[in-house]
Amino acid sequence: MPGLAPGDSAGGVPDSVNGTLVPYSSDSHVSAIYPLRHGLNPPISRVSVSWGRGNSLRVSVFRQPDSDPKSDGEAGGKVVEVTLGKSRDGEISDAQWRKIAYGSVSPFALLQSRKNSTASLSRMQLSPSPYHLEWWEYVMEYSKDIGSLLGDPKTALATLIEDPNEVFPKKVEEPSSLKAAWELMEMFYVDKLSQAWLPERLVDWLADYNSLISIDLPTVHSKLVEFQNQIVTLQVIEDDPRYWDLISSALAVGWLEIVTENGLVEAVAVLISKMPRMRPAIDAGKIGECFKAKPDFVKAWERWRAQITKLDSSAFWIQCDHRQTREGLKNMLQIMLGNVDVLCSSTCHWMELYISHFLYIRPFTAGLESMYSLAQKCFRLKHTSNPHKLMRLMIGILGENNEVVLAECSRGFGTWMVAHAIELLTAGSNEADILVHEEREDLGGISLEELHRLVYAQLLSSHLLTWQIAPIYLTSCMRQGMGLLEILLLKQPVQENQMLLKNLEICRLYELDGISSHLMEISGMYHWKHGRKGCAVFWLQQAHDEVRLSGIASQLFDSVGKSISGESFKQWEGLIELLGSEGQLAGGLDFLHKYRDFKKCLQHAESRKDADAARQAVESLMSLMRNASTPQRFWLPILYDAVKLLSWDEGPLINVGQTNLLLNKLQELSVARLRPDFVEAELPTQALNHVRYSLATNLGRAILGEL
C-alpha cells in the first residue's frame, strides 16, 4: 500500500499533490515474500502474472504437457490470487465486488437522470415544483442506496466483560474500510441535518470502525479483544489493573454501555448513564441523555459536571479500601472531568483521543477549521508514522483539501470509490464542484469526474461478468465516453447469439445504429466462415449489407452450378429461401428461385407420373432458358435434368418450337465451352451427348405429333 505523498506535514496533511492525481510515496519498502499455493505437481513450465482487483495479483501456473497416455489427467494449470500487503479490515471477495458494482448502477443512473432533469429546467429557466427536493436530498438518497450495498458493519459491543462469550455477542459481519470511508464522506459532505451534531456522529463512527483505524498500533478495540482472551485465567477481575485500564479506555471513547454494565459503584454508573449528549436521538440500547437545543445541553452539562466534582471530593474514597477499585473509579471521574493527561493515557490512537475531546472537553466544537486544528493537536500527541488510509482520508476532509480527498479515495479505496464518491464530494462543496468539472488540457480536455468514470468503466470492461454495466458510466462521460463505448461493443465476441443480442440491445438503448449494423455484419461473416450459412445470411440481412449478400449469392452460384443436378441441391434450398428473390443481388437470385421451382415440379412429376405436373415443369424449364439472368454455366445442368421430360412415356411434352430453342441454347453452350474461363458443372462426361440425343429424339416425336 503506498504511503503518504511527499511533502506531508507532521499532522498528516499533504502540502500538495505535486500536480498528480494520485500521489505515491517514493520511500523504499522491505521486500515481502508471499507463498504461492497452487497445488500442481512438477514440472512447472510457465508462470504468468497479471494485476487483479485492488492490491492483488493473479498468478497463472502452467504444467509441462504430459505425453504419457497413462498419466493421472491432472489439470494443465491453475490461477491463484495473491493479495499484496496486510490489511486488518479484510478483503472484499470478487463476488462481493461484483454485487457492489451491479447494485450501484441503479442509484448512479437515477442520480444522473435527476441531474440532467435539473440542468434542463435550469436552462429553460423554469421554477421547480413546490414539492421539489433540494439537491443534497437526492444525493443523500443516492448515498443511502449505495451504503446499503456495502453491508451493515455495526457490532454489538461488550455487555459483560466477565463472560468471554459476551464480549461481542452479536457480531453481524466484519466491518470494511470501504463502508467506513463512504460514511465519512456522507456525514461531512451530504447529510445537512447532522451538521449540528457532527462530533457525535464521529463518536458513533469510531464505535463502528475502531478496529480499522490503525495498521501497526493498538486500539481500544484490540485491547478489548486481547483482554477477552485472558479473562478465563483471572480469578478476581477487579484485582487486575488491566481491567480498570480497559474500562477507562472504553469510557474515554464513549462506549458507555460497556462501562456501566461491568460492576461499577452505583453512583459512578448513574453519573455515566446520565451523561448529556448533544444529539437529536440515541439508538436503542445505548445510554445518555439527549438534548437538541444548545441552552438545554449547557445547563445539563454544567449540572452533570458539578455532580462529578462533588463525588470526586466526597468522603467515599476514604472508606473504599480496595486500592485498584479506588484508583480505577477516580481515574474514570477524571476522564469525565476532561483531564487531558488522563484522556491521553487512556486512549491508544490519535483518533480516539480526538473523540474523547468531543465528549469531555470541547462538546461544542463546530466548523471544519476548529475540528482540523484539534485533529492536528491530537495527531502530534499520538503520532504514527504509518497512518491508515481511513485516517489519511479523514485528515483530507478536515483540512478541506479536495485534491487530497480525491487522491486518497483513489489510491486507498479503488476506482469504484472515487467514481461514485465524487457525487458526495460535489454535493457539499462548490470548490469541489469546480475542481472535478473543470476541463483540463493535460487530460485531453476532459474533467477529473470524467477521467475517474472512464477509469472505472475500463476496469468493468476488462471482466467478462461486469462489462455489461460499463456503458452506464461511459455514456455519462460527454467527451470520450461514447467513442470508448463503441470500441467496447466492437471488441465483444459475436460467436453466441445471446451475447450478440445483448450488444444490440445496448446499441438500441444508446441509439448506436451504425455500431449495431457493424456488429451484425461481423456476426454474419463469422457464421459464414464457420459453416452456419443460414445464420450468416440472417444477420447480414438484418444489417442490410447488400455487398456481402451479393458476394454470398455469387459464391452460391458457383457452388450450385457445380452440383446443380444432384441431391446436394437440397442443402442450398433453405439458403436460397433466406436470400430472397431480390434481382439486384449478383445479377439475379431470381434465377435460383425459379430453378428451385423447376426442381420441385420435376420431382413431383416423376414421383406421381402426373402429366399436369410434368407440363408445369416444362413451363418452368422454358422460363429458365428464356430468362437472360440464367447464367450460361447452368444451361447444361438444367437441360440434363430436363432429359426426363424429353422422354416422357405418354408423348412429347415439348413442342417443335420449344425444342428448337433448346437446341440453339445447346449450340451456344458448345461454343462457350471453348473459352478458358468457362466453369464446367459436375456432370457425367457424356452429359452433353445425352442431352443432344434426347433433344433430337423429342424433335422427331414432336414433328410426328403435329402432323
Student: Checking K382 now: which residues fulfil salt bridge (charged side-chain N to carboxylate O under 4.0 Å, His left out) with it, not counting sequence neighbours?
Tutor: none

Student: Can you list the residues that meet the salt bridge (charged side-chain N to carboxylate O under 4.0 Å, His left out) rule with D312, with sequence neighbours excluded?
Tutor: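 D312 satisfies salt bridge (charged side-chain N to carboxylate O under 4.0 Å, His left out) with K330 only.
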
Student: List the atom of S346, the atom of I335, and the distance in Å for their closest heavy-atom pair.
Tutor: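 Heavy atoms of S346 and I335 come nearest at OG-CD1, 3.6 Å.
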
Student: Under 3.5 Å, is there a donor on one side chain and an acceptor on the other for S249 and K223?
Tutor: yes

Student: Spell out, as yes or no, whether a donor-acceptor pair under 3.5 Å connects the side chain of H452 to the backbone of T415.
Tutor: no

Student: Measure the spacing between CD of E438 and CG of L443 and express it to the nearest 0.5 Å.
Tutor: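 If we round to the nearest 0.5 Å, E438:CD and L443:CG are 10.0 Å apart.
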
Student: Is any side-chain heavy atom of K286 closer than 4.5 Å to one of L256?
Tutor: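 Not in contact.
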
Student: Before you tell me yes or no, could you show the steps for D191 and R201 under salt bridge (charged side-chain N to carboxylate O under 4.0 Å, His left out), namely the whole-Å CA-CA distance, both residues' side-chain angles and the distance that decides it to 0.1 Å?
Tutor: CA-CA 11 Å; D191 192 358; R201 283 288 305 271; 3.0 Å; yes

Student: Output yes when E226 and R242 qualify as a salt bridge under the 4.0 Å nitrogen-oxygen rule, no when they do not.
Tutor: no

Student: Return yes if a side-chain donor-acceptor contact under 3.5 Å exists between T118 and W135, otherwise no.
Tutor: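 The answer is no; no qualifying pair exists.
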
Student: Kindly compute the distance separating OG (S148) from NZ (K179), expressed to the nearest 0.5 Å.
Tutor: 7.0 Å

Student: Is the closest basic N to carboxylate O distance between E200 and R277 below 4.0 Å?
Tutor: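 Yes, E200 and R277 are salt-bridged.
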
Student: Ignoring hydrogens and angles, tell me if any N or O in the side chain of S410 forms a donor-acceptor pair with the backbone of L406 under 3.5 Å.
Tutor: no

Student: Return yes if some donor-acceptor pair links the side-chain N/O of D245 with the main-chain N/O of P241 below 3.5 Å, else return no.
Tutor: no

Student: Using the rule given for side chain to side chain contact (heavy atoms under 4.5 Å, CB included), can you reason through Y142 versus E186, listing the C-alpha separation, both sets of side-chain angles and the distance that settles it, and then say yes or no?
Tutor: CA-CA 10 Å; Y142 160 81; E186 179 186 290; over 6 Å; no

Student: Just by distance, do the side chain of S447 and the backbone of E450 share a donor-acceptor pair under 3.5 Å?
Tutor: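 Side chain of S447 to backbone of E450: a pair is present.
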
Student: Between S373 (side chain only) and E369 (backbone N and O only), is there a donor and an acceptor less than 3.5 Å apart?
Tutor: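 Such a contact is absent between S373 side chain and E369 backbone.
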
Student: Output the distance between atom OH (Y102) and atom CH2 (W97), rounded to the nearest 0.5 Å.
Tutor: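 Going from the OH atom of Y102 to the CH2 atom of W97 covers 15.5 Å.
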
Student: Would you call K115 and E423 a salt bridge, using N to O less than 4.0 angstrom?
Tutor: yes

Student: Do side-chain atoms of S356 reach the backbone of L353 as a donor and acceptor pair under 3.5 angstrom?
Tutor: yes

Student: Could you walk me through whether E183 and W205 pass the side chain to side chain contact (heavy atoms under 4.5 Å, CB included) check?
Tutor: CA-CA 8 Å; E183 288 193 5; W205 181 87; 3.9 Å; yes

Student: If only side-chain N and O atoms count, and only distance matters, is there a donor-acceptor pair under 3.5 Å linking H221 with Y209?
Tutor: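 Per modelled atom types, Y209 and H221 side chains form no pair under 3.5 Å.
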
Student: Measure the CZ-CG distance between R392 and L390 for me, rounded to the nearest 0.5 Å.
Tutor: 9.0 Å

Student: Looking only at heavy atoms, which two atoms of Y360 and M336 are closest? And how far apart?
Tutor: CD2-CA, 3.7 Å

Student: Between M275 and W304, is there a side-chain heavy-atom distance shorter than 4.5 Å?
Tutor: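 When only atoms from C-beta onward are counted, M275 and W304 do touch, with a gap below 4.5 Å.
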
Student: Under 30°, 30 to 60°, or over 60°: which ring-plane class applies to F379 and H383, parallel, tilted or perpendicular?
Tutor: perpendicular

Student: Is it true that a side-chain atom of H388 and a backbone atom of L212 form a donor plus acceptor pair closer than 3.5 Å?
Tutor: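 It does hold such a pair.
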
Student: How close do L149 and S104 get, heavy atom to heavy atom, and via which atoms?
Tutor: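 That would be CD1-N, 3.3 Å.
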
Student: Examine distances only and state if a side-chain atom of S113 and a backbone atom of A109 form a donor-acceptor pair shorter than 3.5 Å.
Tutor: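 It does not hold such a pair.
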
Student: Could you check if a side-chain atom of V405 sits within less than 4.5 angstrom of a side-chain atom of M185, using non-hydrogen atoms only?
Tutor: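 Yes. Closest side-chain heavy atoms under 4.5 Å.
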
Student: Taking atom types as modelled and ignoring hydrogens, do the side chains of N402 and E431 form a donor-acceptor contact shorter than 3.5 angstrom?
Tutor: no

Student: Should I213 and E352 be marked as a side chain to side chain contact (heavy atoms under 4.5 Å, CB included) after you check the CA-CA gap, both sets of side-chain angles, and the distance that decides it?
Tutor: CA-CA 9 Å; I213 62 175; E352 296 169 347; 4.3 Å; yes

Student: Indicate yes or no: at least one non-hydrogen side-chain atom of L251 is less than 4.5 angstrom from one of W255.
Tutor: no

Student: Can any side-chain N or O of W182 pair as donor or acceptor with the backbone N or O of S143 at less than 3.5 Å?
Tutor: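 Flag set: sc W182 to bb S143 pair under 3.5 Å.
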
Student: Answer yes or no: is there a side-chain heavy-atom contact under 4.5 Å between L454 and I446?
Tutor: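 L454 vs I446: side chains touch.
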
Student: Run the salt-bridge test on D204 and R279 with the 4.0 Å N-O cut-off and return the result as yes or no.
Tutor: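 Looking at R279 together with D204, the answer is yes, because their closest N to O distance falls below 4.0 Å.
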
Student: At what distance, to the nearest 0.5 angstrom, does CD1 of I146 lie from OG of S106?
Tutor: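 Rounded to the nearest 0.5 Å, the CD1-OG separation comes to 9.0 Å.
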
Student: Does any part of the side chain of L459, heavy atoms only, come nearer than 4.5 Å to the side chain of Y473, both counted from C-beta?
Tutor: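 No - every pair of side-chain heavy atoms lies 4.5 Å or more apart.
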
Student: Side chains of F358 and L374: does their closest heavy-atom pair fall under 4.5 Å?
Tutor: yes

Student: Above 12 or not: heavy atoms from other molecules or residues under 6.0 Å from CD of E289?
Tutor: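 Enclosed.
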
Student: Can we say E408 and R411 salt-bridge, meaning some charged N sits less than 4.0 Å from an Asp/Glu carboxylate O?
Tutor: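 Between R411 and E408 there is a salt bridge, with a charged N closer than 4.0 Å to a carboxylate O.
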
Student: Is there a side chain to side chain contact (heavy atoms under 4.5 Å, CB included) between V190 and E137 once you walk through the steps?
Tutor: CA-CA 8 Å; V190 186; E137 294 177 278; over 6 Å; no

Student: About how many Å separate CG of D433 and OG1 of T426, when rounded to the nearest 0.5 Å?
Tutor: 5.5 Å

Student: Mind listing the closest non-hydrogen atom pair of L424 and Y189 along with its distance?
Tutor: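 Looking at all heavy atoms of both residues, the closest pair is O-CB, 3.1 Å.
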
Student: Take atom NZ in K299; do more than 12 heavy atoms of anything else shown fall under 6.0 Å from it?
Tutor: no

Student: For a 4.5 angstrom cut-off between non-hydrogen side-chain atoms, does Y354 reach M371?
Tutor: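 Side chain of Y354 against side chain of M371, heavy atoms only: contact under 4.5 Å found.
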
Student: Looking at every heavy atom in both I469 and A101, which two are closest together, and how far apart are they?
Tutor: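 Heavy atoms of I469 and A101 come nearest at CD1-O, 3.7 Å.
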
Student: Can you give me the closest heavy-atom contact between W350 and T384, atom names plus distance?
Tutor: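 That would be CD1-CG2, 4.5 Å.
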
